[in-house]
Protein chains: 2
Amino acid sequence: MRLVVARCTVNYVGRLESTLPEATRLIMVKEDGCVAIHADGGAYKPLNWMNAPNDVRESADRWEISNPKGERLIIVLHEILSDTQHTLGDDPGLSKDGVEAHLQELLAADPEVIEGGLVLISREYPTAIGPVDLLCRAADGSTVAIEVKRRGEIDGVEQLARYLEYLRADSSLGVLRGVFVAQSIKPQARTLAETRGLAWKEVDYDELRGKRVDELRLF
Amino acid sequence: MRLVVARCTVNYVGRLESTLPEATRLIMVKEDGCVAIHADGGAYKPLNWMNAPNDVRESADRWEISNPKGERLIIVLHEILSDTQHTLGDDPGLSKDGVEAHLQELLAADPEVIEGGLVLISREYPTAIGPVDLLCRAADGSTVAIEVKRRGEIDGVEQLARYLEYLRADSSLGVLRGVFVAQSIKPQARTLAETRGLAWKEVDYDELRGKRVDELRLF
DNA sequence: GACTCTATCTCGGTA
DNA sequence: TACCGAGGTAGAGTC
C-alpha cells in the first residue's frame with residue numbers, strides 16, 4: 001500500500017463528472033491497483049476513487065488512472081508532503097454475525113415466533129422472479145409466504161407482494177397469505193403492507209438468538 | 001489525519017458483531033475523530049469503521065472507540081510499523097454534474113423530449129406519499145405524471161404506479177397517464193411498466209445537455 | 001458477463 | 001431526531 005499526502009486537484013470523468021479544487025489530501029494506492037482520495041473527515045467514503053483493475057500512468061506531477069469501462073481519474077500534484085510504501089500482505093477477512101441470513105435461519109428453525117402453529121415447508125422457495133425466503137403451512141391449512149428483512153422498508157413489501165402474485169398462479173399451494181417480517185418495520189411499510197393485504201411482524205434478533213441459545217442449553 | 005500501519009486484531013460490536021483476525025492493516029484516524037481500518041485491496045470500503053462523533057480511549061497496545069449510539073470498536077495492536085500525523089485542513093468539497101436532479105431540470109425545461117406536445121404544469125408536485133417529479137399537460141388534454149430516474153429499475157416503476165394511485169383520487173386532474181423516464185431502462189422495468197399501464201422513455205443525458213447548450217447559443 | 005439483492009450501506013435532504 | 005431517497009452506490013452471490 002502506498003500512501004501519498006499531497007496538495008492536489010482531481011478530476012473524474014466516467015459515470016458522472018466531478019472536480020476537486022486544490023487542497024491537501026491523502027491518496028491511497030492499494031496492492032490491487034485501486035486508488036482512493038480521502039479528505040480529513042468522514043470515515044467511510046473517499047472523495048474520489050477508482051476500483052481495480054486500473055491502468056495507472058504516473059509522471060512527477062500528474063497521475064492518470066483509467067479503467068476498462070472508460071472511466072478516468074486525473075490527479076494533478078502541486079506539492080507532495082509525504083510518500084510512503086507499506087507491505088501489508090493478504091487480509092484473512094472479516095467474519096460477521098447478525099445479518100439477514102442469520103435472521104432467516106433463526107426464523108426457519110422456529111417459525112412459531114412469526115405466528116403460532118406455523119410449520120416450515122421450504123426455505124428460499126423458487127419462483128420465476130426469485131426465491132421466497134420462507135414458505136410455511138399455517139394451523140388453518142393456508143400457505144404462508146414470508147419475506148424476511150433486517151430493516152422493514154417499502155421495497156421489501158413490494159417484493160413480497162410480487163412473490164405472492166406469482167405464487168397464486170400455482171393452485172397447488174391452496175389459500176395463500178403473506179407475512180412481512182423484520183427487526184423493525186417503518187410506518188410507511190406497515191401501511192403499504194396492510195393496503196396490499198399482507199400481515200407484518202416485528203421480531204427481536206437478540207431475543208431470538210437468546211432463545212435459540214437457551215434451547216440448545218437444554219440438551 | 002493520523003495514519004497507523006500495524007499488525008492488529010479488531011472487534012466491532014454495534015449494528016452487528018464482527019471480528020478481524022491478526023494481520024497488518026492501515027488504521028486511519030481523521031480530524032473529526034472517525035476511524036477506518038483498511039486492508040490492501042478494494043478502494044472503497046474499509047474492513048471496519050466508526051463514524052464521528054467518537055470517544056477514543058488509547059493505551060499503548062489497545063484502542064477503544066465508542067460512539068453515542070453504543071457501538072464499540074476495539075483495536076488490539078500487536079506491532080506498530082508506522083505512525084504518522086499529517087495536517088490536511090478543510091476540504092473545499094466535490095462538485096458534481098450528471099445526477100438525477102440535473103436530468104429532471106433539463107426535462108422540465110424541455111418536456112417535448114419525452115412526448116411531443118407536453119407542457120410542464122409543475123415540478124415536485126406534492127402527493128400524500130411524496131412528490132411527483134414532473135406533472136405535465138399533454139396535447140390530448142390528459143395529465144401526465146412523470147418519474148425521472150438516472151437508471152430505470154423496477155422500484156422506480158412501482159413508485160410511479162403508487163403516485164398515480166394517489167393522483168387518481170384527485171378528480172380535478174382529469175385523465176391521468178404515467179411515463180417512466182430514465183437514461184436507460186432495464187427489460188424487467190419496461191415489462192413491469194407495461195403491465196401497470198405505464199409508458200416509458202429512454203433519454204440521452206449528453207444529447208439533452210448538448211441540445212440545451214445549443215439552444216442557449218442561439219441567444 | 002449480466003442480473004440480483006444486501007449493506008454496520010453512506011450521505012444529504014426535510015419535516 | 002427520524003424518515004426518505006439517491007448513490008460514480010460497492011460487493012457478494014447466482015445464473
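Below, read A as the first sequence line, B as the second, and so on, with proteins coming before strands; counting in each chain starts at 1.
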Got a sec: does the [atom1] of [X] have more than 12 other heavy atoms crowding it under 6.0 Å?
| X | atom1 | value |
| --- | --- | --- |
| Asp61(B) | CG | yes |
| Asp32(B) | CG | yes |
| Arg72(A) | CZ | no |

I need the [atom1]-[atom2] distance between [X] and [N], as an integer number of Å.
| X | N | atom1 | atom2 | result |
| --- | --- | --- | --- | --- |
| Asn11(A) | dG8(D) | CG | C1' | 14 Å |
| Arg190(A) | dC4(D) | CZ | P | 11 Å |
| His102(B) | dG8(D) | NE2 | P | 15 Å |
| Lys69(B) | dT10(C) | NZ | C1' | 10 Å |
| Leu94(A) | dT8(C) | CG | C1' | 10 Å |
| Ile154(B) | dT6(C) | CD1 | P | 13 Å |
| Lys96(B) | dA6(D) | NZ | P | 14 Å |
| Leu73(B) | dT8(C) | CG | P | 14 Å |

**OP:** Check whether the side chain of Gln159(B) and the base of dG5(D) form a donor-acceptor pair under 3.5 Å.
**Re:** no

Can you figure out which of [options] approaches the side chain of [X] most closely?
| X | options | result |
| --- | --- | --- |
| Lys149(B) | dA10(D), dG8(D), dA6(D) | dA6(D) |
| Tyr12(A) | dG8(D), dC5(C), dT8(C) | dG8(D) |
| Glu147(B) | dT6(C), dA6(D), dC11(C) | dA6(D) |
| Arg15(B) | dG8(D), dT10(C), dA6(D) | dT10(C) |

Subject >> Toward the 5' end of DNA chain D, by each residue's nearest nucleotide, Glu153(A) or Leu47(A) >> reply: Glu153(A)

Original post:
Which comes earlier along DNA chain D counting from the 5' end, the contact point of Asn51(A) or that of Pro187(A), where each point is its nearest nucleotide?
Top reply: Pro187(A)

Original post:
What is the base-pairing partner of dA2(C), counting Watson-Crick and G-U wobble geometry with both distances under 3.5 Å?
Top reply: dT14(D)

Subject >> Sugar-phosphate only, base, or nothing, as touched by Glu71(B) at under 4.0 Å among non-hydrogen atoms >> reply: base

**OP:** Would you mind classifying the nucleic acid contact of Arg72(B) as base, sugar-phosphate or nothing, using non-hydrogen atoms under 4.0 angstrom?
**Re:** nothing

Could you give the distance separating [M] and [N] at their [atom1] atoms, to the nearest angstrom?
| N | M | atom1 | answer |
| --- | --- | --- | --- |
| dA10(D) | dA6(D) | C1' | 14 Å |
| dC4(D) | dG8(D) | P | 22 Å |
| dT14(D) | dT8(C) | C1' | 25 Å |

Subject >> Of Arg162(A) and Leu16(B), the one whose closest DNA chain C nucleotide lies more 5' >> reply: Arg162(A)

Original post:
Are any of the side-chain nitrogens in Glu58(B) or Arg2(B) under 4.0 Å away from the carboxylate oxygens of its partner?
Top reply: yes

Subject >> Ion pair check, Glu64(B) and Arg57(B), cut-off under 4.0 Å >> reply: no

Original post:
For Glu31(A), does its backbone N or O pair with a side-chain atom of Asp40(B) as donor and acceptor, under 3.5 Å?
Top reply: yes

Subject >> OP1 or OP2 of dC3(C) under 4.0 Å from side-chain N/O of Lys186(B) >> reply: no

Original post:
Just to confirm, is there a sub-4.0 Å distance from OP1 or OP2 of dA7(C) to any side-chain nitrogen or oxygen of Lys45(B)?
Top reply: no

